[in-house]
There are 2 protein chains.
Amino acid sequence: MASDQVNIKRLAQELNISIATVSKALNDSYEISAKTKNRVWDLAKALNYTPNPAASNLRSHKTKTIAVIIPDVANNFFSLAIKGIEEVARIHGYHVLIYQTHEDTEMEISFTNSLLNGRVDGILTSVSSNEYNNDYYRDLVKKVPLVFFDRVYESLQTFKITTDDYESSFAATQHLLDCGCKKIAFLFGLEKLPAGRARFSGYQDALKANEIDFDEQLILHYENLEEQNVDNIEQLFQQHHPDGIFSSIEEFIIPTYLACRNMSLSIPQDVKVLSFSNLSSAKLLNPALTTITQPAFDIGHEAAKCLFKILNNKGFDDEQNIVLKSTLIKRTSTNC
Amino acid sequence: MASDQVNIKRLAQELNISIATVSKALNDSYEISAKTKNRVWDLAKALNYTPNPAASNLRSHKTKTIAVIIPDVANNFFSLAIKGIEEVARIHGYHVLIYQTHEDTEMEISFTNSLLNGRVDGILTSVSSNEYNNDYYRDLVKKVPLVFFDRVYESLQTFKITTDDYESSFAATQHLLDCGCKKIAFLFGLEKLPAGRARFSGYQDALKANEIDFDEQLILHYENLEEQNVDNIEQLFQQHHPDGIFSSIEEFIIPTYLACRNMSLSIPQDVKVLSFSNLSSAKLLNPALTTITQPAFDIGHEAAKCLFKILNNKGFDDEQNIVLKSTLIKRTSTNC
DNA sequence: AATCGTAACATTAACGTTTATGTTACATAA
DNA sequence: TTATGTAACATAAACGTTAATGTTACGATT
């Protein structure tokens with residue numbers, strides 16, 4: 001585009017040395033004398049040389065690129081996680097590719113497969129909720145360095161970064177019970193995934209620990225349409241009169257508040273509400289919402305660090321589960 | 001990793017034809033007979049062949065990759081924009097690289113420069129707020145297909161996707177005036193960028209149109225610390241008693257609500273508040289917040305479409321400004 | 001029948017690196 | 001002295017594509 005592209009051949013010609021020497025000098029090889037290295041470095045800087053990534057990748061099988069595969073970018077949790085990932089990648093001089101699956105396992109697999117031809121050095125993924133597809137990943141982890149975060153598959157030979165879903169869910173349920181709730185509805189999301197099931201178990205076990213019978217009727221499953229969720233929640237109230245709402249995913253918050261508003265139920269007087277959430281404005285809601293907040297940024301940070309650990313050690317038959325703690329932030333919506 | 005890598009050489013051997021024929025068949029060249037193409041395609045599918053991106057890129061100078069450079073991923077506006085970009089990219093079979101500048105122009109330029117060696121086919125960018133650096137981009141747009149969105153530099157020979165900042169700002173100010181406000185404070189962000197200045201002008205001109213004197217004292221500049229902003233807003237109230245707040249960036253919302261809460265000012269009785277924002281929970285705030293909402297997803301969508309227009313036409317000395325409309329959503333925070 | 005055009009392939013040279021394998025010159029060891 | 005080791009470079013072969021150029025066979029044209 002500008003004048004002739006500057007590559008190592010050009011540098012070699014100008015310095016009257018071989019291109020191999022230039023390459024090794026640029027890579028700071030021990031084979032090259034300090035004097036020659038400096039000549040190369042100086043000229044490279046003067047001519048504003050940057051190596052061609054395609055050529056380098058083709059030859060060395062290193063791409064300096066990782067991929068992040070997630071359900072949705074426009075989500076408080078995932079955008080924070082990406083932020084964490086991106087920071088670690090930048091420190092390592094790596095590039096970050098983003099793919100959105102829209103909770104569609106088929107698309108997830110399609111994206112993943114498109115990365116197996118050497119486009120990336122590794123993959124960070126948070127799996128889709130619409131299906132549980134352990135088999136695919138069982139093979140995949142053998143083919144490419146892969147780290148799961150938050151939404152993981154179990155018993156796979158790789159790194160998994162999660163949060164203490166069970167414990168935080170138990171604690172949150174206990175908090176509702178402590179506030180006097182007797183009939184706590186559970187708004188169920190991520191049902192097919194370990195994360196969702198752990199949250200559900202925490203809820204169930206907290207009830208059991210307090211000798212409260214589990215009531216199937218108080219479980220509401222997530223639908224993709226916001227209005228549908230509002231309707232469902234209203235129906236739940238009309239039929240079963242819960243005095244507490246435990247929302248296991250952020251997507252239920254707006255429907256819950258809208259339903260309460262529609263039915264003139266006041267939070268927390270008539271019903272106490274809490275939810276898993278990374279909503280920064282939770283404290284400004286009407287009323288301020290009690291949340292179980294996952295350390296989204298840290299999860300991304302940690303996941304990326306694990307991936308680079310694999311990339312540096314080569315041996316990616318390592319397995320490790322890292323569990324970070326979520327925080328229960330008590331606010332007005334669960335005031336006693 | 002698995003068995004021998006499957007490449008076109010392997011396909012050629014198995015089919016007993018030349019690698020050139022395989023390559024052309026895979027690319028559906030007119031030179032190859034239908035029969036041969038089918039043999040190649042069938043075997044390629046059978047062996048699960050996917051072309052090596054590095055080799056293809058090295059030879060053809062096409063990367064099937066675009067870069068998105070933005071200040072921050074964990075931001076409602078930008079994450080929605082990315083979502084729009086990613087969708088268009090997927091339709092075109094392109095990959096998307098993400099870079100965060102953290103509002104730092106130096107990092108922005110560093111990222112951008114690292115992409116000029118053929119790593120991407122084009123760049124989408126929303127520039128940092130900490131500096132106005134037209135010069136750099138004046139050269140850049142000649143070197144690489146580039147599309148600006150939302151935060152643009154003016155008078156550059158390329159595509160720019162923006163929103164009607166001036167008009168929506170004017171309308172929002174008019175709305176506050178219509179609700180009876182006499183002293184409207186302006187919370188100023190993006191001051192160095194055309195977007196921020198247009199919002200400010202819209203505010204000023206609306207005042208002028210209503211024969212209200214502009215008061216420098218009612219302007220508050222954004223600080224990076226949330227608490228600092230809270231303090232500043234409280235001070236603003238104590239010293240100048242505004243009856244309306246026009247926040248030109250989303251980041252002022254929480255500080256504004258907190259300041260009002262701290263000072264026991266009730267919205268909208270004591271002061272009416274509105275803000276530029278893509279906060280999905282705006283309607284659930286206490287009180288529900290009137291917003292000027294930018295079509296973030298559409299902006300990303302449109303920006304990506306423009307970039308692909310450039311990539312397909314080759315001629316990227318085209319210039320075009322596309323202006324999308326923001327929406328003023330009136331809610332309780334500006335009730336009369 | 002000789003010529004030409006062209007469909008359908010093959011040969012081969014890139015693209016810009018990295019790296020395995022030479023090749024020197026010179027210091028050191030035997 | 002000769003052999004040996006090694007520092008510091010050069011040569012050349014990959015990596016897996018694409019594309020410019022060659023080749024062949026065969027039907028159409030004159």
Side-chain angles (χ1 to χ4, degrees), chain A residues 1-41 43-44 47-65 114-121, chain B residues 1-41 43-44 47-65 114-121:
Chain A
M1 198 151 302
S3 62
D4 292 34
Q5 195 52 33
V6 35
N7 48 30
I8 54 174
K9 188 176 169 188
R10 165 94 178 276
L11 296 181
Q13 281 171 345
E14 303 228 355
L15 293 172
N16 223 29
I17 56 181
S18 77
I19 59 174
T21 302
V22 174
S23 173
K24 287 176 180 169
L26 290 170
N27 293 315
D28 203 11
S29 160
Y30 69 95
E31 286 184 63
I32 308 300
S33 70
K35 191 179 134 198
T36 304
K37 280 183 189 172
N38 282 323
R39 289 181 65 212
V40 172
W41 290 340
L43 184 63
L47 296 184
N48 201 19
Y49 165 81
T50 53
N52 180 302
S56 173
N57 170 16
L58 177 60
R59 185 60 233 253
S60 69
H61 301 286
K62 309 253 164 195
T63 64
K64 287 264 165 192
T65 305
S114 80
L115 298 173
L116 298 180
N117 51 18
R119 186 174 285 274
V120 299
D121 292 347
Chain B
M1 197 151 303
S3 62
D4 293 34
Q5 195 53 33
V6 36
N7 48 31
I8 53 174
K9 187 176 170 188
R10 165 93 178 275
L11 296 181
Q13 281 170 347
E14 304 228 356
L15 293 172
N16 223 27
I17 55 180
S18 77
I19 59 171
T21 302
V22 175
S23 174
K24 287 176 181 169
L26 289 170
N27 292 315
D28 203 11
S29 161
Y30 69 95
E31 285 185 65
I32 308 301
S33 70
K35 190 179 137 202
T36 305
K37 280 182 188 172
N38 282 324
R39 289 182 65 215
V40 172
W41 291 339
L43 184 64
L47 296 184
N48 201 19
Y49 166 80
T50 53
N52 179 301
S56 173
N57 169 17
L58 177 59
R59 184 60 231 251
S60 69
H61 301 286
K62 308 257 163 190
T63 63
K64 288 263 166 194
T65 306
S114 80
L115 298 173
L116 298 181
N117 51 18
R119 185 174 287 274
V120 298
D121 293 346

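Naming: A, B, ... by sequence-line order, numbering from 1 per chain.
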For residues 15-25 of chain A, the salt bridge (Lys or Arg N to Asp or Glu O under 4.0 Å) pairs (sequence neighbours left out) are K24(A)-E31(A)
Computed from five pairs at either end and rounded to 10 degrees, the angle between the axes of the helix from dA1(C)-dT30(D) to dA30(C)-dT1(D) is 60°
For this session: Please check the phosphate of dC15(C) (OP1 and OP2 only) for any side-chain N or O of N7(A) closer than 4.0 Å.
Result: no
At a 4.0 Å cut-off to heavy atoms of chain B, the contacted part of DNA chain D spans dG16(D) to dT21(D)
Sequence neighbours excluded, the answer for side chain to side chain donor-acceptor pair (under 3.5 Å) partners of S18(B) is T21(B)
Sorted by chain and residue number, the side chain to side chain contact (heavy atoms under 4.5 Å, CB included) partners of S114(B) (sequence neighbours excluded) come out as H95(A)
Hits for side chain to side chain donor-acceptor pair (under 3.5 Å) against E14(A), two or more places apart or cross-chain, chain-then-number order -> R10(A)
In numerical order, the residues of residues 49-61 of chain B whose heavy atoms come under 4.0 Å of DNA chain C are L58(B), R59(B)
Those residues at least two apart in sequence (or on a different chain) that pass side chain to side chain donor-acceptor pair (under 3.5 Å) with N16(A) are none
Heavy-atom nearest nucleotide on DNA chain C taken for I19(B) and for T36(B); more 5' hit belongs to T36(B)
Handout entry: Short N-O contact, D28(B) and K37(B), less than 4.0 angstrom
Key = yes
To the nearest angstrom, the CD1-C1' distance between I32(B) and dA10(C) comes to 10 Å
Sequence neighbours excluded, the answer for side chain to side chain contact (heavy atoms under 4.5 Å, CB included) partners of I19(A) is I8(A), K9(A), A12(A)
With sequence neighbours left out, the residues meeting side chain to side chain contact (heavy atoms under 4.5 Å, CB included) with T50(A) are N117(B)
Residue set satisfying side chain to side chain donor-acceptor pair (under 3.5 Å) with T36(A), at least two apart, ordered chain then number -> S33(A)
| field | Residues N57(A), T63(A); criterion side chain to side chain donor-acceptor pair (under 3.5 Å); working and verdict | value | CA-CA 5 Å; N57(A) 170 16; T63(A) 64; 5.7 Å; no
